[in-house]
There are 2 protein chains.
Amino acid sequence: MRLVVARCQVDYAGRLSAHLPMATRVLMLKSDGSVLVHSDGGSYKPLNWMSPPCTVKEGKNDDGQVEWVVTSKTDDTLRILIEEILQDTSHDLGVDPGLQKDGVEKHLQELLADHPATLAEGLTLVRREFPTAIGPVDLMCRDGEGLSVAVEIKRRGDIDGVEQLTRYLELLNRDPLLTTKGEVRGIFAAQEIKPQARVLAEDRGITCALVDYDALRGLDDPTERLF
Amino acid sequence: MRLVVARCQVDYAGRLSAHLPMATRVLMLKSDGSVLVHSDGGSYKPLNWMSPPCTVKEGKNDDGQVEWVVTSKTDDTLRILIEEILQDTSHDLGVDPGLQKDGVEKHLQELLADHPATLAEGLTLVRREFPTAIGPVDLMCRDGEGLSVAVEIKRRGDIDGVEQLTRYLELLNRDPLLTTKGEVRGIFAAQEIKPQARVLAEDRGITCALVDYDALRGLDDPTERLF
DNA sequence: CAATTAATGTCGCGC
DNA sequence: GCGCGACGTTAATTG
(Lines give C-alpha, C1' and ligand atoms only; values in the text may rest on other atoms or scores of the structure.)
Protein backbone atom coordinates (compact mmCIF):
# COMPACT_ATOMS: atom_id res chain seq x y z
CA MET A 1 0.00 0.00 0.00
CA ARG A 2 1.39 3.34 -1.09
CA LEU A 3 -0.04 6.64 0.09
CA VAL A 4 0.71 9.77 -1.90
CA VAL A 5 -0.49 13.28 -1.19
CA ALA A 6 -0.04 15.42 -4.27
CA ARG A 7 -1.29 18.29 -6.37
CA CYS A 8 -2.63 16.46 -9.37
CA GLN A 9 -4.99 16.47 -12.31
CA VAL A 10 -6.90 13.31 -13.21
CA ASP A 11 -8.54 12.15 -16.43
CA TYR A 12 -10.52 8.95 -16.80
CA ALA A 13 -11.66 7.37 -20.04
CA GLY A 14 -13.67 4.16 -20.02
CA ARG A 15 -17.36 3.55 -19.66
CA LEU A 16 -17.56 7.33 -19.41
CA SER A 17 -15.16 10.24 -19.55
CA ALA A 18 -14.36 12.24 -16.43
CA HIS A 19 -12.00 15.05 -15.61
CA LEU A 20 -10.59 16.42 -12.34
CA PRO A 21 -8.86 19.82 -12.45
CA MET A 22 -5.51 20.36 -10.70
CA ALA A 23 -5.87 20.23 -6.91
CA THR A 24 -4.35 18.58 -3.84
CA ARG A 25 -5.62 15.04 -3.27
CA VAL A 26 -4.75 11.73 -1.69
CA LEU A 27 -3.73 8.90 -4.00
CA MET A 28 -4.01 5.39 -2.59
CA LEU A 29 -2.18 2.71 -4.55
CA LYS A 30 -3.04 -0.80 -3.40
CA SER A 31 -0.78 -3.77 -3.92
CA ASP A 32 -3.11 -5.30 -6.53
CA GLY A 33 -2.45 -2.26 -8.77
CA SER A 34 -5.74 -0.53 -8.03
CA VAL A 35 -5.70 3.24 -7.52
CA LEU A 36 -8.04 5.50 -5.55
CA VAL A 37 -8.16 9.29 -5.82
CA HIS A 38 -9.65 10.81 -2.67
CA SER A 39 -10.54 14.38 -1.79
CA ASP A 40 -11.16 15.68 1.70
CA GLY A 41 -14.90 15.19 1.58
CA GLY A 42 -17.62 13.24 -0.10
CA SER A 43 -18.22 9.87 1.40
CA TYR A 44 -16.25 6.68 1.06
CA LYS A 45 -16.44 6.82 -2.71
CA PRO A 46 -13.28 8.19 -4.30
CA LEU A 47 -13.51 11.02 -6.83
CA ASN A 48 -11.96 8.66 -9.32
CA TRP A 49 -10.42 5.19 -9.27
CA MET A 50 -9.30 2.12 -11.17
CA SER A 51 -10.50 -1.30 -10.13
CA PRO A 52 -8.18 -4.29 -10.13
CA PRO A 53 -6.80 -5.94 -12.10
CA CYS A 54 -4.85 -3.01 -13.49
CA THR A 55 -1.30 -1.75 -13.83
CA VAL A 56 0.31 1.61 -13.03
CA LYS A 57 3.02 3.00 -15.27
CA GLU A 58 5.00 5.97 -13.97
CA GLY A 59 6.41 8.21 -16.70
CA LYS A 60 6.64 11.73 -18.04
CA ASN A 61 4.35 13.48 -20.46
CA ASP A 62 5.37 15.70 -23.41
CA ASP A 63 5.94 18.68 -21.10
CA GLY A 64 8.28 16.68 -18.84
CA GLN A 65 5.75 16.47 -16.01
CA VAL A 66 5.36 13.30 -13.95
CA GLU A 67 2.38 11.31 -15.15
CA TRP A 68 0.92 8.02 -13.94
CA VAL A 69 -1.05 6.01 -16.44
CA VAL A 70 -3.25 3.27 -15.01
CA THR A 71 -4.67 0.78 -17.50
CA SER A 72 -6.96 -2.22 -17.24
CA LYS A 73 -7.66 -5.06 -19.63
CA THR A 74 -10.97 -3.50 -20.61
CA ASP A 75 -9.27 -0.43 -22.15
CA ASP A 76 -10.17 1.83 -19.24
CA THR A 77 -7.50 4.42 -18.63
CA LEU A 78 -6.79 6.68 -15.67
CA ARG A 79 -4.23 9.42 -16.28
CA ILE A 80 -2.82 11.25 -13.26
CA LEU A 81 -0.70 14.32 -13.94
CA ILE A 82 1.38 15.19 -10.88
CA GLU A 83 2.55 18.74 -10.22
CA GLU A 84 3.91 18.39 -6.69
CA ILE A 85 4.26 15.53 -4.23
CA LEU A 86 3.66 16.46 -0.57
CA GLN A 87 3.97 12.96 0.88
CA ASP A 88 4.88 9.55 -0.46
CA THR A 89 4.95 6.58 1.92
CA SER A 90 4.62 2.81 1.55
CA HIS A 91 3.57 0.15 4.02
CA ASP A 92 3.28 -3.61 4.00
CA LEU A 93 -0.21 -4.27 5.35
CA GLY A 94 -0.36 -8.00 4.78
CA VAL A 95 -3.57 -9.82 3.93
CA ASP A 96 -6.60 -8.60 5.82
CA PRO A 97 -8.48 -11.23 7.84
CA GLY A 98 -11.73 -9.80 6.48
CA LEU A 99 -15.07 -8.53 7.66
CA GLN A 100 -17.73 -10.34 9.65
CA LYS A 101 -21.25 -9.01 9.19
CA ASP A 102 -24.44 -9.56 11.11
CA GLY A 103 -27.84 -8.08 10.45
CA VAL A 104 -28.22 -8.14 6.68
CA GLU A 105 -31.14 -9.60 4.73
CA LYS A 106 -29.89 -13.16 4.98
CA HIS A 107 -29.87 -12.93 8.75
CA LEU A 108 -33.31 -11.31 8.78
CA GLN A 109 -34.55 -14.22 6.68
CA GLU A 110 -33.11 -16.73 9.16
CA LEU A 111 -34.82 -15.00 12.07
CA LEU A 112 -38.19 -14.83 10.29
CA ALA A 113 -37.86 -18.46 9.21
CA ASP A 114 -37.52 -19.34 12.90
CA HIS A 115 -40.45 -17.12 13.93
CA PRO A 116 -42.92 -16.95 11.04
CA ALA A 117 -45.84 -16.33 13.42
CA THR A 118 -44.53 -12.79 14.03
CA LEU A 119 -45.59 -12.02 10.46
CA ALA A 120 -49.15 -13.29 10.75
CA GLU A 121 -51.17 -15.27 13.28
CA GLY A 122 -50.80 -19.01 12.84
CA LEU A 123 -48.19 -18.87 10.10
CA THR A 124 -45.84 -21.88 9.83
CA LEU A 125 -42.80 -22.36 7.63
CA VAL A 126 -42.96 -24.74 4.70
CA ARG A 127 -39.61 -23.94 3.10
CA ARG A 128 -36.95 -21.23 2.81
CA GLU A 129 -35.82 -20.23 -0.68
CA PHE A 130 -38.81 -21.97 -2.26
CA PRO A 131 -37.88 -22.41 -5.94
CA THR A 132 -39.90 -21.00 -8.84
CA ALA A 133 -39.08 -20.66 -12.53
CA ILE A 134 -37.98 -17.03 -12.07
CA GLY A 135 -36.12 -17.38 -8.79
CA PRO A 136 -36.60 -18.46 -5.20
CA VAL A 137 -39.30 -17.10 -2.89
CA ASP A 138 -37.71 -16.07 0.43
CA LEU A 139 -40.20 -17.97 2.61
CA MET A 140 -43.06 -20.24 1.67
CA CYS A 141 -45.50 -20.64 4.56
CA ARG A 142 -48.94 -21.95 5.40
CA ASP A 143 -51.50 -20.14 7.48
CA GLY A 144 -53.98 -21.48 10.04
CA GLU A 145 -56.48 -22.42 7.34
CA GLY A 146 -53.90 -24.30 5.28
CA LEU A 147 -53.56 -21.58 2.65
CA SER A 148 -50.15 -21.03 1.05
CA VAL A 149 -48.41 -17.75 1.85
CA ALA A 150 -45.38 -16.41 -0.02
CA VAL A 151 -43.15 -14.03 1.96
CA GLU A 152 -40.70 -11.61 0.37
CA ILE A 153 -38.16 -10.13 2.79
CA LYS A 154 -36.29 -6.86 2.34
CA ARG A 155 -34.30 -4.70 4.68
CA ARG A 156 -35.77 -1.62 2.98
CA GLY A 157 -39.08 -2.24 1.29
CA ASP A 158 -39.50 -0.25 -1.91
CA ILE A 159 -41.53 -0.66 -5.06
CA ASP A 160 -39.15 -3.18 -6.66
CA GLY A 161 -39.72 -5.66 -3.86
CA VAL A 162 -43.48 -5.52 -4.35
CA GLU A 163 -43.07 -6.06 -8.10
CA GLN A 164 -40.83 -9.04 -7.37
CA LEU A 165 -43.37 -10.61 -5.01
CA THR A 166 -46.15 -9.92 -7.53
CA ARG A 167 -44.27 -11.86 -10.21
CA TYR A 168 -43.77 -14.78 -7.80
CA LEU A 169 -47.45 -14.82 -6.84
CA GLU A 170 -48.49 -14.78 -10.48
CA LEU A 171 -46.41 -17.91 -11.08
CA LEU A 172 -47.31 -19.67 -7.83
CA ASN A 173 -51.00 -19.23 -8.49
CA ARG A 174 -50.65 -21.26 -11.69
CA ASP A 175 -49.57 -24.26 -9.56
CA PRO A 176 -52.62 -26.41 -8.73
CA LEU A 177 -50.78 -28.08 -5.83
CA LEU A 178 -50.44 -24.76 -4.01
CA THR A 179 -53.92 -23.46 -4.70
CA THR A 180 -56.05 -26.44 -3.63
CA LYS A 181 -57.51 -24.51 -0.69
CA GLY A 182 -57.43 -21.09 -2.39
CA GLU A 183 -55.13 -18.43 -3.85
CA VAL A 184 -51.57 -18.03 -2.61
CA ARG A 185 -51.36 -14.91 -0.43
CA GLY A 186 -48.39 -12.57 -0.32
CA ILE A 187 -46.67 -10.93 2.64
CA PHE A 188 -44.14 -8.18 2.08
CA ALA A 189 -41.88 -8.03 5.14
CA ALA A 190 -39.32 -5.28 5.68
CA GLN A 191 -37.69 -3.24 8.43
CA GLU A 192 -38.87 -0.12 6.62
CA ILE A 193 -41.62 0.16 4.00
CA LYS A 194 -41.73 3.13 1.62
CA PRO A 195 -45.20 4.71 1.22
CA GLN A 196 -45.32 4.02 -2.53
CA ALA A 197 -44.47 0.38 -1.92
CA ARG A 198 -47.22 0.12 0.69
CA VAL A 199 -49.80 1.60 -1.68
CA LEU A 200 -48.77 -0.71 -4.52
CA ALA A 201 -48.82 -3.74 -2.21
CA GLU A 202 -52.29 -2.98 -0.89
CA ASP A 203 -53.51 -2.40 -4.45
CA ARG A 204 -52.37 -5.95 -5.24
CA GLY A 205 -53.82 -7.53 -2.12
CA ILE A 206 -50.37 -8.03 -0.61
CA THR A 207 -50.04 -7.68 3.16
CA CYS A 208 -47.27 -5.46 4.50
CA ALA A 209 -45.42 -6.49 7.66
CA LEU A 210 -43.01 -4.20 9.45
CA VAL A 211 -40.23 -6.25 11.00
CA ASP A 212 -38.65 -5.29 14.31
CA TYR A 213 -35.15 -6.68 13.97
CA ASP A 214 -34.15 -6.12 17.60
CA ALA A 215 -37.33 -7.75 18.93
CA LEU A 216 -36.84 -10.74 16.64
CA ARG A 217 -33.26 -11.11 17.75
CA GLY A 218 -34.51 -11.04 21.32
CA LEU A 219 -36.62 -14.14 20.63
CA ASP A 220 -33.48 -16.03 19.69
CA ASP A 221 -30.92 -17.62 21.97
CA PRO A 222 -28.51 -14.82 22.86
CA THR A 223 -25.55 -17.21 22.68
CA GLU A 224 -26.04 -17.45 18.92
CA ARG A 225 -24.53 -14.00 18.32
CA LEU A 226 -21.53 -13.88 16.07
CA PHE A 227 -19.60 -11.64 18.47
CA MET B 1 -7.28 15.07 5.94
CA ARG B 2 -5.42 12.79 8.30
CA LEU B 3 -3.81 9.55 7.21
CA VAL B 4 -3.01 6.94 9.82
CA VAL B 5 -1.47 3.52 9.26
CA ALA B 6 -2.02 1.34 12.29
CA ARG B 7 -2.60 -2.10 13.67
CA CYS B 8 -6.22 -1.88 14.72
CA GLN B 9 -9.45 -3.70 15.42
CA VAL B 10 -12.74 -2.21 14.24
CA ASP B 11 -16.34 -2.72 15.36
CA TYR B 12 -19.35 -1.12 13.74
CA ALA B 13 -22.85 -1.03 15.15
CA GLY B 14 -25.62 0.67 13.26
CA ARG B 15 -27.91 -0.58 10.54
CA LEU B 16 -25.95 -3.80 10.91
CA SER B 17 -23.12 -5.06 13.09
CA ALA B 18 -19.68 -5.71 11.70
CA HIS B 19 -16.35 -6.71 13.13
CA LEU B 20 -12.75 -6.51 11.89
CA PRO B 21 -10.08 -8.49 13.77
CA MET B 22 -6.75 -6.87 14.67
CA ALA B 23 -4.60 -6.19 11.60
CA THR B 24 -2.63 -3.42 9.91
CA ARG B 25 -4.82 -1.02 7.96
CA VAL B 26 -5.03 2.52 6.63
CA LEU B 27 -7.35 4.93 8.44
CA MET B 28 -8.45 7.97 6.48
CA LEU B 29 -10.00 10.77 8.52
CA LYS B 30 -11.59 13.45 6.39
CA SER B 31 -12.14 16.99 7.57
CA ASP B 32 -15.91 16.51 7.76
CA GLY B 33 -15.35 13.90 10.48
CA SER B 34 -15.92 10.89 8.25
CA VAL B 35 -13.64 7.90 8.67
CA LEU B 36 -12.60 5.21 6.19
CA VAL B 37 -10.87 1.94 7.09
CA HIS B 38 -8.98 0.55 4.11
CA SER B 39 -7.07 -2.67 3.61
CA ASP B 40 -4.60 -3.38 0.85
CA GLY B 41 -7.12 -4.93 -1.46
CA GLY B 42 -10.77 -5.07 -2.25
CA SER B 43 -11.86 -2.28 -4.51
CA TYR B 44 -12.65 1.30 -3.69
CA LYS B 45 -15.07 0.36 -0.94
CA PRO B 46 -13.47 0.51 2.50
CA LEU B 47 -13.74 -2.46 4.84
CA ASN B 48 -15.61 -0.21 7.21
CA TRP B 49 -16.48 3.45 7.44
CA MET B 50 -18.61 6.21 8.93
CA SER B 51 -20.40 8.66 6.69
CA PRO B 52 -20.58 12.35 7.52
CA PRO B 53 -21.82 14.06 9.52
CA CYS B 54 -20.07 12.37 12.42
CA THR B 55 -17.53 13.09 15.13
CA VAL B 56 -14.40 11.28 16.23
CA LYS B 57 -13.50 11.06 19.91
CA GLU B 58 -10.02 9.86 20.79
CA GLY B 59 -9.76 8.17 24.18
CA LYS B 60 -8.70 5.06 26.05
CA ASN B 61 -10.68 1.94 26.80
CA ASP B 62 -10.80 0.03 30.09
CA ASP B 63 -7.49 -1.71 29.35
CA GLY B 64 -5.74 1.62 28.72
CA GLN B 65 -5.52 1.05 24.96
CA VAL B 66 -6.06 3.92 22.52
CA GLU B 67 -9.57 3.82 21.13
CA TRP B 68 -11.33 6.06 18.64
CA VAL B 69 -15.08 6.24 18.88
CA VAL B 70 -16.87 7.67 15.86
CA THR B 71 -20.52 8.54 16.33
CA SER B 72 -23.25 9.92 14.10
CA LYS B 73 -26.59 11.48 14.87
CA THR B 74 -28.36 8.27 13.87
CA ASP B 75 -26.73 6.26 16.70
CA ASP B 76 -24.32 4.50 14.40
CA THR B 77 -21.04 3.83 16.15
CA LEU B 78 -17.63 2.88 14.84
CA ARG B 79 -15.10 1.79 17.45
CA ILE B 80 -11.44 1.58 16.46
CA LEU B 81 -9.08 -0.03 18.92
CA ILE B 82 -5.48 0.93 18.12
CA GLU B 83 -2.59 -1.31 19.06
CA GLU B 84 0.26 0.40 17.21
CA ILE B 85 0.56 3.47 14.99
CA LEU B 86 2.99 3.15 12.07
CA GLN B 87 2.28 6.51 10.45
CA ASP B 88 0.21 9.55 11.33
CA THR B 89 0.21 12.53 8.97
CA SER B 90 -2.14 15.43 8.26
CA HIS B 91 -2.59 17.60 5.20
CA ASP B 92 -4.72 20.57 4.25
CA LEU B 93 -6.26 19.60 0.90
CA GLY B 94 -8.62 22.54 0.49
CA VAL B 95 -11.96 22.23 -1.27
CA ASP B 96 -11.92 20.03 -4.34
CA PRO B 97 -13.05 21.70 -7.58
CA GLY B 98 -15.09 18.59 -8.34
CA LEU B 99 -15.69 16.13 -11.13
CA GLN B 100 -16.86 16.68 -14.68
CA LYS B 101 -18.60 13.71 -16.33
CA ASP B 102 -19.57 12.90 -19.88
CA GLY B 103 -21.18 9.83 -21.38
CA VAL B 104 -23.88 8.59 -19.03
CA GLU B 105 -27.59 7.95 -19.62
CA LYS B 106 -28.41 11.61 -20.14
CA HIS B 107 -25.96 11.78 -23.00
CA LEU B 108 -27.33 8.57 -24.48
CA GLN B 109 -30.80 10.12 -24.35
CA GLU B 110 -29.57 13.24 -26.19
CA LEU B 111 -28.04 11.13 -28.93
CA LEU B 112 -31.17 8.99 -29.39
CA ALA B 113 -33.36 12.12 -29.37
CA ASP B 114 -31.28 13.37 -32.29
CA HIS B 115 -31.43 10.05 -34.14
CA PRO B 116 -34.71 8.29 -33.22
CA ALA B 117 -34.80 6.41 -36.55
CA THR B 118 -31.91 4.22 -35.33
CA LEU B 119 -34.42 2.66 -32.91
CA ALA B 120 -37.08 1.83 -35.48
CA GLU B 121 -37.74 2.59 -39.14
CA GLY B 122 -39.56 5.91 -39.64
CA LEU B 123 -39.53 6.95 -35.98
CA THR B 124 -39.64 10.70 -35.30
CA LEU B 125 -39.30 12.54 -32.00
CA VAL B 126 -42.35 14.19 -30.46
CA ARG B 127 -40.84 15.16 -27.09
CA ARG B 128 -38.06 14.31 -24.67
CA GLU B 129 -39.03 13.75 -21.02
CA PHE B 130 -42.71 13.47 -21.94
CA PRO B 131 -44.59 14.01 -18.67
CA THR B 132 -46.97 11.47 -17.11
CA ALA B 133 -48.55 11.29 -13.67
CA ILE B 134 -45.88 8.86 -12.44
CA GLY B 135 -42.86 10.48 -14.06
CA PRO B 136 -41.48 11.46 -17.46
CA VAL B 137 -41.11 9.07 -20.38
CA ASP B 138 -37.57 9.38 -21.79
CA LEU B 139 -38.67 9.80 -25.42
CA MET B 140 -42.15 10.09 -26.88
CA CYS B 141 -42.08 9.37 -30.60
CA ARG B 142 -44.36 8.67 -33.56
CA ASP B 143 -43.83 5.95 -36.14
CA GLY B 144 -44.47 5.97 -39.90
CA GLU B 145 -48.16 5.14 -39.42
CA GLY B 146 -48.69 7.93 -36.89
CA LEU B 147 -48.80 5.59 -33.90
CA SER B 148 -47.37 6.83 -30.60
CA VAL B 149 -44.23 5.10 -29.34
CA ALA B 150 -42.83 5.46 -25.80
CA VAL B 151 -39.09 4.86 -25.46
CA GLU B 152 -37.36 4.01 -22.18
CA ILE B 153 -33.58 4.39 -22.26
CA LYS B 154 -31.12 2.59 -19.98
CA ARG B 155 -27.41 2.05 -20.14
CA ARG B 156 -27.92 -1.45 -18.76
CA GLY B 157 -31.35 -2.87 -19.44
CA ASP B 158 -32.61 -5.00 -16.60
CA ILE B 159 -36.01 -6.07 -15.37
CA ASP B 160 -36.70 -2.84 -13.48
CA GLY B 161 -36.55 -0.79 -16.65
CA VAL B 162 -39.14 -3.01 -18.32
CA GLU B 163 -41.44 -2.66 -15.29
CA GLN B 164 -41.00 1.11 -15.46
CA LEU B 165 -41.89 1.25 -19.16
CA THR B 166 -44.86 -1.07 -18.54
CA ARG B 167 -46.24 1.34 -15.93
CA TYR B 168 -45.83 4.25 -18.36
CA LEU B 169 -47.57 2.38 -21.17
CA GLU B 170 -50.46 1.46 -18.90
CA LEU B 171 -51.00 5.14 -18.14
CA LEU B 172 -50.39 6.44 -21.67
CA ASN B 173 -52.93 4.00 -23.11
CA ARG B 174 -55.64 5.61 -20.97
CA ASP B 175 -55.05 8.91 -22.85
CA PRO B 176 -57.49 9.13 -25.78
CA LEU B 177 -55.32 11.77 -27.50
CA LEU B 178 -52.42 9.34 -27.83
CA THR B 179 -54.44 6.30 -28.86
CA THR B 180 -56.54 7.73 -31.70
CA LYS B 181 -54.73 5.58 -34.29
CA GLY B 182 -54.09 2.63 -31.98
CA GLU B 183 -52.29 1.52 -28.82
CA VAL B 184 -49.09 3.22 -27.67
CA ARG B 185 -46.15 0.92 -28.40
CA GLY B 186 -43.08 0.60 -26.18
CA ILE B 187 -39.41 0.42 -27.11
CA PHE B 188 -36.85 -0.58 -24.49
CA ALA B 189 -33.49 0.82 -25.58
CA ALA B 190 -30.23 -0.04 -23.84
CA GLN B 191 -26.55 -0.64 -24.54
CA GLU B 192 -26.92 -4.04 -22.95
CA ILE B 193 -30.12 -6.00 -22.32
CA LYS B 194 -30.22 -8.75 -19.68
CA PRO B 195 -31.90 -12.03 -20.71
CA GLN B 196 -34.55 -11.74 -17.98
CA ALA B 197 -35.43 -8.25 -19.14
CA ARG B 198 -35.68 -9.35 -22.77
CA VAL B 199 -38.06 -12.19 -21.88
CA LEU B 200 -40.27 -9.93 -19.76
CA ALA B 201 -40.32 -7.23 -22.46
CA GLU B 202 -41.36 -9.68 -25.18
CA ASP B 203 -44.02 -11.09 -22.87
CA ARG B 204 -45.48 -7.59 -22.64
CA GLY B 205 -45.21 -6.77 -26.33
CA ILE B 206 -42.36 -4.34 -25.78
CA THR B 207 -39.69 -4.10 -28.46
CA CYS B 208 -36.04 -4.31 -27.37
CA ALA B 209 -33.44 -2.15 -29.11
CA LEU B 210 -29.71 -2.57 -28.56
CA VAL B 211 -27.98 0.79 -28.78
CA ASP B 212 -24.48 1.18 -30.18
CA TYR B 213 -23.15 4.19 -28.29
CA ASP B 214 -20.02 4.64 -30.39
CA ALA B 215 -21.91 4.44 -33.68
CA LEU B 216 -24.47 6.97 -32.43
CA ARG B 217 -21.73 9.32 -31.32
CA GLY B 218 -20.22 9.01 -34.78
CA LEU B 219 -23.42 10.42 -36.27
CA ASP B 220 -22.97 13.56 -34.19
CA ASP B 221 -20.70 16.54 -34.73
CA PRO B 222 -17.33 15.60 -33.17
CA THR B 223 -16.76 19.21 -32.00
CA GLU B 224 -19.48 18.79 -29.36
CA ARG B 225 -17.22 16.87 -26.95
CA LEU B 226 -16.84 18.32 -23.47
CA PHE B 227 -13.06 17.95 -23.40
C1' DC C 1 -18.01 -17.67 -16.30
C1' DA C 2 -22.53 -15.34 -16.57
C1' DA C 3 -26.48 -14.02 -14.20
C1' DT C 4 -28.93 -12.58 -10.37
C1' DT C 5 -29.54 -9.93 -6.14
C1' DA C 6 -28.25 -7.22 -1.97
C1' DA C 7 -26.07 -2.93 -0.19
C1' DT C 8 -24.25 0.53 6.37
C1' DG C 9 -24.98 1.17 -1.08
C1' DT C 10 -23.83 6.60 -2.62
C1' DC C 11 -25.12 10.47 -5.45
C1' DG C 12 -27.86 13.85 -7.60
C1' DC C 13 -32.17 15.89 -9.14
C1' DG C 14 -36.89 17.33 -8.62
C1' DC C 15 -40.80 18.38 -5.88
C1' DG D 1 -36.33 17.52 3.42
C1' DC D 2 -38.21 13.32 1.07
C1' DG D 3 -38.78 10.35 -2.93
C1' DC D 4 -36.97 8.24 -6.79
C1' DG D 5 -33.76 6.65 -10.19
C1' DA D 6 -28.86 6.28 -12.02
C1' DC D 7 -24.38 4.58 -10.98
C1' DG D 8 -17.64 3.77 -14.28
C1' DT D 9 -22.70 1.25 -9.14
C1' DT D 10 -19.71 -2.58 -6.30
C1' DA D 11 -19.82 -6.97 -4.16
C1' DA D 12 -21.38 -11.57 -3.03
C1' DT D 13 -23.71 -15.77 -4.30
C1' DT D 14 -25.25 -19.32 -7.21
C1' DG D 15 -25.95 -22.22 -11.40
When you get a sec, tell me which of [options] is the closest nucleotide to the side chain of [X]?
X	options	value
S43(B)	dT10(D), dT10(C), dA7(C)	dT10(D)
R167(B)	dA6(C), dT8(C), dG5(D)	dG5(D)
L99(A)	dC4(D), dT10(C), dT8(C)	dT8(C)
E105(A)	dA6(C), dT4(C), dT10(C)	dA6(C)
S51(B)	dT10(D), dT10(C), dT8(C)	dT10(C)
P195(B)	dT8(C), dA3(C), dT10(D)	dA3(C)
N48(B)	dT8(C), dT10(C), dT5(C)	dT8(C)
K101(A)	dT8(C), dG8(D), dA6(C)	dT8(C)

Would you measure the distance from the [atom1] atom in [N] across to the matching atom in [M] and give it in whole Å?
N	M	atom1	value
dC7(D)	dA6(C)	C1'	15 Å
dT8(C)	dT4(C)	P	22 Å
dC11(C)	dA11(D)	P	15 Å

Nearest heavy atom decides the nucleotide; on that basis, is I153(A) or G42(A) closer to the 5' end of DNA chain C?
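In this pair, the answer is I153(A).
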
To the nearest Å, how far apart are [X] [atom1] and [N] [atom2]?
X	N	atom1	atom2	value
R15(B)	dA7(C)	CZ	P	11 Å
Y44(B)	dT8(C)	OH	P	13 Å
Q100(A)	dA12(D)	CD	C1'	16 Å
Q109(A)	dA12(D)	CD	P	19 Å
H19(A)	dG8(D)	NE2	P	17 Å
D160(B)	dA6(C)	CG	P	11 Å
L47(A)	dC7(D)	CG	C1'	15 Å
Q164(A)	dA3(C)	CD	P	19 Å

Which is more 5' along DNA chain D, the nucleotide nearest R156(B) or the one nearest E192(A)? Just name the residue.
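That would be E192(A).
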
When you match L78(A) and I134(B) each to their closest nucleotide on DNA chain D, which lands nearer the 5' end?
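Looking at the nearest nucleotide for each, I134(B) comes out on the 5' side.
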
Give a yes/no on whether any side-chain N or O of [X] is located under 4.0 angstrom from OP1 or OP2 of [N].
X	N	answer
K154(A)	dA6(C)	yes
Q196(B)	dA3(C)	no
K106(A)	dA7(C)	no

Would [X] and [Y] count as having a side-chain donor-acceptor pair, cut-off 3.5 Å?
X	Y	answer
S39(B)	R25(B)	no
Q9(A)	D11(A)	yes
Q164(A)	K154(A)	yes

Any idea how H107(B) and Y213(B) line up, ring-wise: parallel (<30°), tilted (30 to 60°), or perpendicular (>60°)?
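Perpendicular, since the angle between the ring planes exceeds 60°.
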
Test side chain to side chain donor-acceptor pair (under 3.5 Å) on H19(A) and K101(B) and set out the steps.
CA-CA 7 Å; H19(A) 172 74; K101(B) 280 185 186 180; over 6 Å; no

So how far is it from L108(A) CG to L216(A) CG, rounded to the nearest 0.5 Å?
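Here the interatomic distance stands at 7.0 Å.
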
Remember a base hit wins even if backbone is also touched, and classify K194(B) as base, sugar-phosphate or nothing at under 4.0 Å, heavy atoms.
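Base, at least one base atom sits under 4.0 Å.
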
